[in-house]
There are 4 protein chains.
Amino acid sequence: MDKRQELIETATKLFSEKGFENTALSEICEKAGVSKGLISHHFKSKNGLLKEIFKRTTDLIVEMNQTSAKEKSPYVQLKALIESFFIQLEADKLFFQFNLNVIVQPNTREILKDLIMERSAFILQSTEGLFIKIDPKNSKVLSYLFIAELDGIALNYLGIFDDYPLEEIKKQILKKYTKQ
Amino acid sequence: MDKRQELIETATKLFSEKGFENTALSEICEKAGVSKGLISHHFKSKNGLLKEIFKRTTDLIVEMNQTSAKEKSPYVQLKALIESFFIQLEADKLFFQFNLNVIVQPNTREILKDLIMERSAFILQSTEGLFIKIDPKNSKVLSYLFIAELDGIALNYLGIFDDYPLEEIKKQILKKYTKQ
Amino acid sequence: MDKRQELIETATKLFSEKGFENTALSEICEKAGVSKGLISHHFKSKNGLLKEIFKRTTDLIVEMNQTSAKEKSPYVQLKALIESFFIQLEADKLFFQFNLNVIVQPNTREILKDLIMERSAFILQSTEGLFIKIDPKNSKVLSYLFIAELDGIALNYLGIFDDYPLEEIKKQILKKYTKQ
Amino acid sequence: MDKRQELIETATKLFSEKGFENTALSEICEKAGVSKGLISHHFKSKNGLLKEIFKRTTDLIVEMNQTSAKEKSPYVQLKALIESFFIQLEADKLFFQFNLNVIVQPNTREILKDLIMERSAFILQSTEGLFIKIDPKNSKVLSYLFIAELDGIALNYLGIFDDYPLEEIKKQILKKYTKQ
DNA sequence: GATGAATGAGTATTCATTCAT
DNA sequence: AATGAATGAATACTCATTCAT
């Protein structure tokens, strides 16, 4: 495989599992079967590698949002969105782990400042596109709350509670947002 | 002041601002005006210092919860809880910063595992004490969702959105939970 | 322009400004708009590039000495030599910088050993050609002293004194060697 | 012996022999029988170590100048100065090697800028103290030339000519400056 | 002639920890 | 309780060089 690609995938996995600060470049290279100099060649530095990875996760998020049904009613769309969120949360813990990590850590947040702003603007706008059809007057604040709720669930599920009743919470959220 | 106390306060500040991994003990000692040997003398290790600090923030949380009006109706209590949360969030960002940091970072989470579990059990139980009076059947899931919502707001306010409309969100949350 | 030539000129400039050890081949290539492989293709190695450049500066020195008036009296020739030295010293600091650098640094001196010996033999012989007409018995020692004086002036002007009175020193040297 | 002192002496020797850029801290520590962290502990960095060493060589120079006979005639003092210079030049090549090295190399010159200026001001002033008694009107330019001559001799002896006739040159210099 | 991906040894520096005083 | 010299492993990064294309 492409060594550059191999490097990105290995680093993504390790950054997610161990955190950015606690992952040594040497470990990445070793696991990727690649020399140490190659990181500097392709990404300039550890920070450069992080930026590249963060960009790619943003691309994934954008992609996920764009493939959701555009024609349907906002409630149907919300339902799809929530369901895919919970599926993703269970299936790919590391994806959420990574994103929480780098956003919360002061050092990585500084490195990714611009990229975080771009991404969050996209997510807000995308969410508002739904709530504007439901409650135009309160669409902004409802969007913020919706995002906060999902982010908080991910945070609690991954970091705080040991036996998190994800299934029940999903049901409750669906009930709340889709009036079922 | 007590050198031990000075050490704890300086370390809390630096861990919050820069993150645990990016704070060197030497910097803490320098800023606290204390020799390097003193940390191992009092706290055994850097991890020991972290545990001590985390315990203290848990004590603060417990204290905050205990001083809230016990006699009043659950809605009044919820209102008081929410309001004190938002006041605290604006007044002491670093307090939330620190807690998010250490909980999300794999390395620090491992170090604090037991303490995190203790704390989260307390918070859940304490919150459930309120919701059990409102909706006994769903009290558990409502508690989880309430906690998730507040945690998510803190996360988004501190780490993700640049111009977070905290005031409007507070109003919306109050409306939602206190039926005003 | 010829890429080989471009490479030599860029490297000369950078070696002079930053010193041989502190100039990375990658920087030379970047500034010259050339790929990294080209250096080893043309010059075999970084040392090879240095040798090539040193040879060229020797050629320049030889050229300068040969264009000076051969027919005139030794005093007239000395005057011309001194004047062209001071003009050159002011106009092309980097030229002297480079030569001092590589001669004084143990590592580069070792690399250029043979070339330095060749060049210094030429300079001594060329200078002695003048002093032999002035004081045949002491021509050798006078030549060494003359060379030392000019080299010392260059050294002090470039490396040691901040506000070196070059003009006055030039006058004094001229007075001393041309009996004006 | 004091480990700090051991470190300084080993580093001085290696910087002189191999040049600053070509001496690895690991080599210094190994030869000094000391751990790598100790340099950072005592001198903060490699640059810090260099500054410390340069300061000490300046102290040596100052000391040498102050112990020379103050009461005697300027010619006697000049003679003593010249003789001690040549003795020192033969006996302690490395001392001159080191000083030429760091002054001529752009990188080290930048690091030592302030210290070089201080030292050269002292040397100029000290030399002028002699020439002012010999030729008050031209004392400054004569001092500069005297310094240039000695520096040039050291430069040529150490770096350029292979079989430098140091003895003859010393005689010639003595003749010139002491009217013997 | 020319490119640039890839290497791997080497470098300065950081830092938690230990320990004699 | 308190100091600070000393350690040594770990880390990110640099860089000349090689080589297939």
Side-chain angles (χ1 to χ4, degrees), chain A residues 2-4 6-7 20-30 32-50, chain B residues 2-4 6-7 20-30 32-50, chain C residues 2-4 6-7 20-30 32-50, chain D residues 2-4 6-7 20-30 32-50:
Chain A
D2 190 356
K3 296 209 171 188
R4 193 187 136 99
E6 184 74 59
L7 220 30
F20 177 73
E21 323 281 354
N22 291 296
T23 305
L25 291 186
S26 57
E27 190 183 354
I28 299 173
C29 293
E30 201 185 329
V34 143
S35 76
K36 272 168 75 180
L38 203 58
I39 285 182
S40 139
H41 184 266
H42 281 305
F43 310 103
K44 189 83 181 168
S45 68
K46 196 183 182 186
N47 288 3
L49 177 57
L50 177 65
Chain B
D2 190 359
K3 293 207 171 188
R4 191 188 139 98
E6 185 75 59
L7 220 31
F20 177 74
E21 323 281 352
N22 290 297
T23 303
L25 290 187
S26 58
E27 191 185 351
I28 298 173
C29 293
E30 201 187 329
V34 145
S35 81
K36 268 166 85 180
L38 205 58
I39 282 183
S40 74
H41 188 272
H42 280 306
F43 309 103
K44 183 86 181 167
S45 70
K46 195 184 183 186
N47 289 3
L49 177 57
L50 178 64
Chain C
D2 189 0
K3 294 209 170 188
R4 190 186 139 99
E6 185 74 59
L7 220 31
F20 177 74
E21 323 282 353
N22 290 297
T23 304
L25 290 187
S26 58
E27 190 185 353
I28 298 173
C29 293
E30 200 187 329
V34 146
S35 80
K36 267 165 86 180
L38 205 57
I39 282 183
S40 75
H41 188 274
H42 279 306
F43 308 102
K44 184 83 182 168
S45 70
K46 195 184 184 187
N47 288 3
L49 177 56
L50 177 64
Chain D
D2 190 357
K3 295 210 171 188
R4 192 189 138 97
E6 185 75 58
L7 219 31
F20 177 74
E21 324 281 353
N22 290 295
T23 303
L25 291 186
S26 57
E27 190 184 354
I28 298 172
C29 293
E30 200 185 329
V34 145
S35 76
K36 270 169 79 180
L38 203 57
I39 284 181
S40 139
H41 185 267
H42 281 304
F43 310 102
K44 188 85 181 166
S45 69
K46 196 183 182 187
N47 288 4
L49 177 56
L50 177 64

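The shown structure was predicted, so the numbers you read here are calculated from the model rather than taken from an experiment.
- When both pairing distances are held under 3.5 Å, E:dG10 makes a Watson-Crick or G-U pair with F:dC13.
- Between the CG atom of B:Leu25 and the C1' atom of E:dT18 there is a distance of 13 Å, rounded to whole Å.
- Here E:dT14 presents its P atom at 14 Å from NZ of D:Lys46, a figure rounded to the nearest Å.
- In this structure, B:Leu38 reaches the bases: a heavy-atom distance under 4.0 Å links it to at least one base atom across the strands shown.
- In a base pair of the Watson-Crick type (N1 to N3 plus N6-O4 or O6-N4) or a G-U wobble (N1-O2 and O6-N3), with each distance short of 3.5 Å, F:dT7 is matched with E:dA16.
- In the set F:dT11, F:dA2, E:dA2, the nucleotide with an atom closest to the side chain of A:Ser26 is F:dT11.
- Nearer the 5' end of DNA chain F, as judged by each residue's closest nucleotide, is the contact made by C:Ala24, out of C:Gly37 and C:Ala24.
- Counting only heavy atoms from C-beta outward, the side chains of D:Cys29 and D:Leu38 never approach each other to under 4.5 Å.
- Rounded to an integer number of Å, the gap from CD of B:Glu30 to P of E:dC15 is 12 Å.
- Residue B:Glu27 holds its CD atom at 10.5 Å from CG of B:Leu25, rounded to the nearest 0.5 Å.
- Applying the 3.5 Å distance criterion, the base of E:dT7 shares no donor-acceptor pair with the side chain of A:Lys36.
- From B:Lys46, atom NZ reaches atom CD1 of B:Ile28 across 6.5 Å, with rounding to the nearest 0.5 Å.
- If you measure from atom CG of A:Asp2 to atom P of E:dA5, you get 10 Å, rounded to the nearest angstrom.
- Nucleotide F:dT18 holds its C1' atom 18 Å from the CZ atom of C:Phe43, rounded to whole Å.
- Of the two residues contacting DNA chain E, namely A:Ile39 and D:Asn22, the nearest-nucleotide position lying further toward the 5' end is that of A:Ile39.
- The CD-C1' distance, from D:Glu21 to E:dG10, rounds to 15 Å in whole Å.
- Picking from F:dT18, E:dG8, E:dA2 the nucleotide with the shortest atom distance to the side chain of C:His41 gives E:dA2.
- Closest to the D:Lys3 side chain, of the nucleotides F:dT7, F:dA1, F:dC19, is F:dT7.
- Summarising the geometry, the separation between CG on B:Leu49 and P on E:dA16 is reported as 11 Å, rounded to the nearest angstrom.
- Here the CG-CG distance, from D:Leu49 to D:Leu7, works out to 6.0 Å after rounding to the nearest 0.5 Å.
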Could you please spell out the steps behind the side chain to side chain contact (heavy atoms under 4.5 Å, CB included) verdict for A:Phe20 and B:Glu21? CA-CA 10 Å; A:Phe20 177 73; B:Glu21 323 281 352; over 6 Å; no
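- In terms of position along DNA chain F, the nucleotide closest to A:Ser45 lies nearer the 5' end than the nucleotide closest to the other residue of the pair C:Lys44 and A:Ser45.
- Atom-to-atom, CD of B:Glu6 to C1' of F:dA1 comes out at 16 Å; the value is rounded to the nearest Å.
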